[in-house]
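Written out below as structure tokens is the structure these notes cover.
Lettering follows sequence order; numbering is per chain, from 1.
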Number of protein chains: 2
Amino acid sequence: MNDIVKNIINKISPISDKSFLEIERLLEFETYAKGETFISKNKRNNNEYFVLNGICKSYLINPEGEEITISFFVENSILSPHSTRVSNNKSSYYFKALTELEVASINAVAFEKLMIDNLEIRNFGNAVLFKELQSKVEKEIGLASFTAKERLIAFRQKYKGLENLVPHTDIASYLGITNISLSRLRKDLLE
Amino acid sequence: MNDIVKNIINKISPISDKSFLEIERLLEFETYAKGETFISKNKRNNNEYFVLNGICKSYLINPEGEEITISFFVENSILSPHSTRVSNNKSSYYFKALTELEVASINAVAFEKLMIDNLEIRNFGNAVLFKELQSKVEKEIGLASFTAKERLIAFRQKYKGLENLVPHTDIASYLGITNISLSRLRKDLLE
DNA sequence: GACTTCCATTAACAATTGATAAAAGAACCT
DNA sequence: AGGTTCTTTTATCAATTGTTAATGGAAGTC
């Protein structure tokens, strides 16, 4: 389990074993059932999360009461950094497990303290933040200036194989189209 | 000039005169000509900016070489926080003055040090960050799930009167539509 | 296994939007 | 002031997408 976390971190920004020990001491492991909303908007949340196994999504509810997918998180990935999804200790998004989900979590305040004290961990934390912000701007550019087909192609590159693992309605929502349009595009792209 | 900066700050998160003095000591004032790109992608940028007068936009260049508007900044507003637009001291976006532009700037490292040492300034800085992240998610939700007309209406509420002050091509780009579609929608909304 | 519910696909129609061209108006330059 | 360039609007046609309904398949429940 800890090896997975170590690999996740090293793939983003390599850190020494000594630094990893600082993180490891603080890790906790959690499992969520498929369909479980494990972080709710406007509720307290004080952790950072590493996805060890399974898939989840972040989402919001639009004025019509529908779920709008913001992002997917697959195994060996890290949930959006605490600072980007929590304000006044209240979460700005919902997170739901789309399969059974295993995560390693670390208290966000403790992790921030590690970042202050340890350069490697700070570099890692900054790399995660940067990656999240880049991901957000890519999505915004895609929604603003690419066709839905182009966005589906980009989605498939970013999340290989995810299409067979999560509901298409969630994918359509992430792409900003209806599930009927997604079905059409999938058919188009078979040729 | 300093009063304007003080008002900008207090509208977001009130701080004492004492705290404001800490910021004031570090302010510099800059003017940019209409059309001037004052922050370039992949170039060094180490400041936070308060817009005192005028209008500017942040943008990226898409693969076809066109400018994609990310955001507008009007007088009495603050540019996206350094941490959200700079990585490895290199800017992730372009910023261009759409009118003659007057800004007050403060070195980002110095400002971050103030945030560490002064609770009021830290609360202010965090409020700006939160506002920026909220603005980004609102835009993403708008692009993903609202019609272009709804987005134009929201744009008009967020940026009152801006429509007569900046090129419609920039607004269309911000809304994720062509300028021809913007023209149609404007006509629709006259009734 | 039978029944129910949900998801994905397909069809039909309408609405929205993009692409291209042209015209009108505004801004800029000499 | 005249000419040029740029911006905005309008028209036309095609493409894309949303909405609604129906169908087929998969998953869940008893």
(message) From the set D/dT17, D/dT8, C/dT20, return the single nucleotide nearest to any side-chain atom of B/Ile180.
(response) C/dT20

(request) Starting from P on D/dT7, measure out to CG on B/Leu165 and report it in whole angstrom. (result) 16 Å

(message) Please determine whether a side-chain nitrogen of the Lys or Arg among A/Arg85 and A/Glu132 lies less than 4.0 Å from a carboxylate oxygen of the Asp or Glu.
(response) no

(message) Without decimals, in angstroms, what is the distance between B/Asp170 CG and D/dC6 P?
(response) 15 Å

(request) Cation-pi check, B/Lys158 to B/Phe72: give yes when NZ or CZ is under 6.0 Å from the six-membered ring centre and within 45° of the ring axis, no otherwise. (result) no

(request) Kindly say if B/Ser181 contacts the phosphate of C/dG18, meaning a side-chain N or O under 4.0 Å from OP1 or OP2. (result) yes

(request) Would you kindly give the CG-to-P distance between A/Asn62 and D/dG18, to the nearest whole Å? (result) 14 Å

(message) Tell me whether A/Asn47 contacts the main-chain N or O of A/Tyr49 through its side chain, where contact means a donor paired with an acceptor under 3.5 Å.
(response) no

(request) Starting from C1' on C/dG18, measure out to CZ on A/Phe146 and report it in whole angstrom. (result) 16 Å

(request) In whole angstrom, give the distance that lies between atom CG of B/Leu189 and atom C1' of D/dT9. (result) 15 Å

(request) Report yes if at least one side-chain N or O of B/Thr178 is closer than 4.0 Å to OP1 or OP2 of C/dG18; otherwise report no. (result) yes

(request) Rounded to the nearest angstrom, tell me the gap between atom CG in A/Asp188 and atom P in C/dT9. (result) 12 Å

(request) When you get a sec, tell me which of C/dT17, C/dT9, D/dT9 is the closest nucleotide to the side chain of A/Asn179? (result) C/dT9

(request) Please tell me which of the listed nucleotides, D/dG18, C/dT17, D/dT8, lies nearest to the side chain of A/Ile177? (result) D/dG18

(request) Would you indicate which nucleotide in D/dT17, C/dT10, D/dA11 comes nearest to any side-chain atom of A/Lys187? (result) C/dT10

(request) Quickly work out the A/Arg184 CZ to D/dT16 C1' distance and round it to whole Å. (result) 8 Å

(request) Measure from NZ on A/Lys34 to C1' on C/dC6 and round the result to the nearest Å. (result) 11 Å

(message) Contact between A/Leu98 and A/Leu165 at the side-chain level, heavy atoms closer than 4.5 Å - yes or no?
(response) no

(message) With side-chain contact (heavy atoms from CB on, under 4.5 Å) as the test, pick out the partner of A/Thr99 among A/Ile55, A/Asn53, A/Val74.
(response) A/Ile55

(request) Would you mind classifying the nucleic acid contact of A/Leu182 as base, sugar-phosphate or nothing, using non-hydrogen atoms under 4.0 angstrom? (result) nothing

